[in-house]
Amino acid sequence: MTDLYAVIGNPVAHSLSPAIHGEFARATGQDISYGRLLAPLDGFKAAALEFREGSGMGLNVTLPFKQEAWRLADTHTPGALAAGAVNTLKFEDGRIAGHNTDGTGLTRDLKDNLGCAIRGRRLLLMGAGGAVYGVMEPLLRELPQEVVVANRTLEKAVALVGHFEMLQKFASRGVTARPYGALTGLRFDIVINATSAGLTDVMPPLPRDIFAPGALAYEMVYGRSTLFMRFAVECGARAAGGLGMLVEQAAESFFIWRGVRPATAPVIRSLRQKDEG
Ligand code: NAP
């Protein structure tokens, strides 16, 4: 019998996950069906449990349900525990296991696809929402030199840095929160835009000399060249969009569910071609 999986969210019609997992299944010969599940804003738990009752084996969870998925899970991986959010649920032996694969998706894309080491580097993360909570623990485990979190609402960046205090030791020069206005004079090797500003083609206010020589500007929004990416290139940095992260986090979910690691490069390539086509 074909094993059932889905991505649950609201909205969910735009999700590329069915196409990505369909490609993974075809390439690895896994007999799965992967669909979209639109849950009412007040109906995540009921929809997820109903999917499990109908022989569903796992769910990817997208906005705005990642925290609710965390509460639904019986067990959490260290990354999911630290993030307080879950993007992958595995239904197994009557229990629900919660994972967060966003951070692994980002670190794999940076290191393996973009050839950008994290160890010993200076990182600037812009934003203090769910995406940053999801990626902090895996980024810190790569032993960067320093992580600065900048956010429009400074209190949220301060709260985020406090939340990860136990992991501060992984960055030799620590993790700090700053308003955008206090970035002047600082240089970073990796600048990650984890705000949703790219969706509306605005960008956080950055000084032009924020990028160290050879720096990478990483935009979590995918499928478009954003103002931040164009700004970074003008300032001499290399820019990359978040498609690789999306495909890598999906590959990690696929591995959690199926025990098989799909190749990601062909899927990233084909989605990029569709984008450009
Ligand atoms: P979120 O929880 O809603 O947080 C949004 C963040 O963006 C907040 O920190 C917010 O600042 C900031 N922001 C929004 N508009 C801004 C503006 N005009 N100027 C400056 N800051 C602004 O969203 P999220 O879940 O963290 O997701 C963030 C982005 O990452 C989304 O675009 C999402 O699609 C993307 N993402 C991509 C992947 C991937 O696989 N590629 C995975 C996860 C997320 P305030 O706190 O001041 O409101």
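Nothing here was measured: the structure is a model prediction, and the numbers come from that model. Remember, it's 1-based here, ligands and their atoms both numbered in the order they're listed.
Other residues, nucleotides and ligands place more than 12 heavy atoms under 6.0 Å from the CZ atom of Arg230. Counting heavy atoms of neighbouring residues, nucleotides and ligands inside a 6.0 Å radius, atom CZ of Arg119 does not exceed 12 of them.
A cation-pi arrangement is present between Arg261 and Phe255, with the terminal nitrogen or guanidinium carbon under 6.0 Å from the aromatic centre and inside a 45° cone about the axis.
When ring centroids are compared, Tyr5 and Tyr34 stay outside the 6.0 Å threshold. Taking the six-membered ring where the residue is Trp, the centroids of His99 and Trp257 are separated by 6.0 Å or more.
For Lys45, the salt bridge (charged side-chain N to carboxylate O under 4.0 Å, His left out) criterion is met by no residue, not counting sequence neighbours.
Under 4.0 Å from any atom of ligand 1, one finds heavy atoms of residues Leu63, Gly127, Ala128, Gly129, Gly130, Ala131, Asn151, Arg152, Thr153, Lys156, Ala194, Thr195, Ser196, Ala197, Leu199, Val202, Met220, Val221, Tyr222, Gly242, Met245, Leu246.
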